[in-house]
Enquirer: 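The following block contains the structure, expressed as structure tokens.
Note that the structure is a prediction, hence the values are computed from the model and not measured.
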Amino acid sequence: MLKPQNPSGRSQFEEAVQNHRLIFTEGAVIERLRREFPYGLDPHIAHAAYVYQPERRDLLRRIYRQYIDAVAPSGVPLILFTPTWRASAERLLLAALTSRDVNGDGVRMLAGLRSEAGMVAPNIFIGGLLGCKGDAFNPRDALTAAEAVVYHAFQVESLARAGVDLLCAATLPALSEAIGIANSMAASGIPYLVSFVVRPQGLLLDGTPLEDAISAIDSTVPHRPLGYMANCTHPA
């Protein structure tokens with residue numbers, strides 16, 4: 001179910017983007033799980049199944065609450081991304097989790113946290129997180145645009161059905177798959193973001209200049225992204 005539109009025709013998240021100079025996001029949840037805690041990540045779906053394991057679910061909730069508590073005094077909006085970066089249909093099959101609504105349950109966990117956030121809840125937005133099919137740091141694994149539309153459709157539909165405020169495809173190494181996943185997200189009618197891994201020279205890992213990648217998506221996808229980001233990119 002999608003959230004109701006404001007009288008302006010924009011979603012609540014789009015209004016937040018228009019009205020706030022800064023928007024925070026949570027940072028590096030997977031890296032924190034990898035480096036700070038002993039549980040490990042599933043080779044197929046990373047931390048997506050944590051929502052079904054009480055101790056690990058509590059850990060996830062604790063991490064997300066740290067971001068909520070850090071941002072709350074500022075009054076600045078916060079995006080919390082679902083733990084679904086690796087929860088595509090293919091990967092869920094490999095992890096023997098096709099009987100569970102993994103994407104929807106990730107959304108519902110964050111919705112529960114938001115409902116507990118009191119007065120800051122209206123400033124918290126839930127982003128449905130997707131990733132590329134293959135190795136995020138090997139552009140040779142990237143799908144073609146046409147393949148990506150089909151591959152990512154299941155996850156886009158699952159996240160949209162669960163009621164996310166926005167969609168985000170993150171850690172994308174190549175333009176071809178980015179175009180396809182953008183088309184898939186655009187078809188949902190939900191605001192979405194595209195986030196690339198970027199080299200220090202301003203190039204995607206497949207060698208495409210960042211400005212060319214943005215121009216290609218803006219000019220070929222019917223409903224362009226609300227914005228672009230870079231992630232897993234060292235600030236230097």
Side-chain angles (χ1 to χ4, degrees), residues 22-72 74 76-88 91-92 94-95 97 102-103 105-107 109-110 113-114 124-142 152 155 159 164 166-174 177-178 181 192-206 210 227-236:
L22 296 174
I23 294 180
F24 289 109
T25 74
E26 107 251 330
V29 171
I30 288 179
E31 286 304 314
R32 291 193 61 189
L33 293 173
R34 192 198 313 273
R35 296 164 189 263
E36 297 177 31
F37 303 99
Y39 299 112
L41 300 171
D42 186 276
H44 304 301
I45 59 171
H47 60 322
Y50 275 33
V51 296
Y52 303 118
Q53 302 156 354
E55 189 171 352
R56 299 183 188 194
R57 178 186 174 94
D58 288 345
L59 172 60
L60 268 185
R61 286 169 55 87
R62 189 163 75 245
I63 289 172
Y64 283 120
R65 279 202 200 95
Q66 289 173 351
Y67 294 111
I68 294 172
D69 292 343
V71 172
S74 70
V76 175
L78 169 68
I79 304 171
L80 296 178
F81 290 113
T82 54
T84 56
W85 179 60
R86 284 310 204 193
S88 65
R91 288 177 172 274
L92 292 174
L94 292 170
L97 274 173
V102 175
N103 288 279
D105 289 335
V107 176
M109 182 190 70
L110 292 185
L113 280 170
R114 178 167 62 185
I124 299 173
F125 296 94
I126 297 173
L129 186 62
L130 306 89
C132 58
K133 175 185 178 180
D135 185 341
F137 300 98
N138 185 355
R140 292 188 297 274
D141 285 355
H152 295 290
Q155 191 174 11
L159 292 165
V164 293
L166 66 145
L167 294 163
C168 179
T171 327
L172 303 180
E177 188 162 359
I181 199 170
Y192 69 99
L193 305 169
V194 175
S195 187
F196 297 108
V197 183
V198 182
R199 296 176 181 171
Q201 299 84 2
L203 307 174
L204 274 58
L205 297 187
D206 68 354
L210 180 59
Y228 292 88
M229 302 193 304
N231 70 295
C232 292
T233 302
H234 197 282

Enquirer: Can you tell me how far CD1 of I126 sits from CZ of F81, rounded to the nearest 0.5 angstrom?
Expert: 11.5 Å

Enquirer: Between D206 (side chain) and P139 (backbone), is there a donor-acceptor pair under 3.5 Å?
Expert: no

Enquirer: Rounded to the nearest 0.5 Å, how far does CG of L60 lie from CD of Q53?
Expert: 9.5 Å

Enquirer: For the backbone of G27 and the side chain of Y67, can you confirm whether one donor and one acceptor N or O come within less than 3.5 Å of each other?
Expert: yes

Enquirer: Do V164 and L110 have side chains that approach each other closer than 4.5 Å (heavy atoms only, starting at C-beta)?
Expert: no

Enquirer: Taking only residues at least two apart or on different chains, which pairs with a member in residues 36-60 satisfy salt bridge (Lys or Arg N to Asp or Glu O under 4.0 Å)?
Expert: R32-E36

Enquirer: Checking side-chain contact (heavy atoms from CB on, under 4.5 Å) for the pair L210/L204: CA distance, chi angles, key distance, verdict?
Expert: CA-CA 6 Å; L210 180 59; L204 274 58; 4.0 Å; yes

Enquirer: Working to the nearest 0.5 angstrom, can you tell me the gap between H47 NE2 and F37 CZ?
Expert: 12.5 Å

Enquirer: Taking atom CZ of F125 and atom CD1 of I79, what is their separation to the nearest 0.5 Å?
Expert: 8.5 Å

Enquirer: Within the distance-only criterion (no hydrogens, no angle test), does the side chain of T82 pair as donor or acceptor with the backbone N or O of L129 below 3.5 angstrom?
Expert: yes

Enquirer: Does A46 have any side chain to side chain contact (heavy atoms under 4.5 Å, CB included) partners at least two apart in sequence or in another chain, and if so, which?
Expert: I30, R86

Enquirer: Would you find a donor on one side and an acceptor on the other, under 3.5 Å apart, between the side chain of R91 and the backbone of I45?
Expert: no

Enquirer: P173 and A136: which non-hydrogen atoms are nearest, and at how many Å?
Expert: CB-O, 3.1 Å

Enquirer: Do T233 and V197 come close enough that some side-chain heavy atom pair is under 4.5 Å?
Expert: yes

Enquirer: Only counting residues at least two apart or in another chain, list the ones meeting side chain to side chain contact (heavy atoms under 4.5 Å, CB included) with A87.
Expert: A48, T84, L92, V102, N103, Q155

Enquirer: Report the residues that fulfil side chain to side chain contact (heavy atoms under 4.5 Å, CB included) with A28, sequence neighbours left out, ordered by chain and then residue number.
Expert: E31

Enquirer: For the CD1 atom of I124 and the OH atom of Y64, what is their distance to the nearest 0.5 Å?
Expert: 12.5 Å

Enquirer: When you compare the side chain of I181 with that of V194, does any pair of heavy atoms fall below 4.5 Å?
Expert: no

Enquirer: Is the shortest heavy-atom distance from the side chain of P83 to the side chain of Y50 under 4.5 Å?
Expert: no

Enquirer: Is the closest side-chain heavy-atom distance between Y192 and L130 below 4.5 Å?
Expert: no

Enquirer: If the condition is side chain to side chain contact (heavy atoms under 4.5 Å, CB included), which residues does L203 pass it with, not counting sequence neighbours?
Expert: R199, Q201, P209

Enquirer: Which heavy atom of L97 sits nearest to which heavy atom of A49, and what is that distance?
Expert: CD1-CB, 3.9 Å

Enquirer: Between the side chain of E177 and the main-chain N/O of K133, is any donor-acceptor distance below 3.5 Å?
Expert: yes

Enquirer: Is L33 close to L59 at the side-chain level, that is, under 4.5 Å between some pair of heavy atoms?
Expert: yes

Enquirer: Rounded to the nearest 0.5 Å, how far does CZ of F196 lie from SG of C232?
Expert: 14.0 Å

Enquirer: So does A72 get a backbone contact from the side chain of S74, meaning a donor-acceptor N/O pair under 3.5 Å?
Expert: no

Enquirer: Using the test side-chain hydrogen bond (donor to acceptor under 3.5 Å, both in side chains), find all partners of D105 that sit at least two apart in sequence or belong to another chain.
Expert: Y52, R108

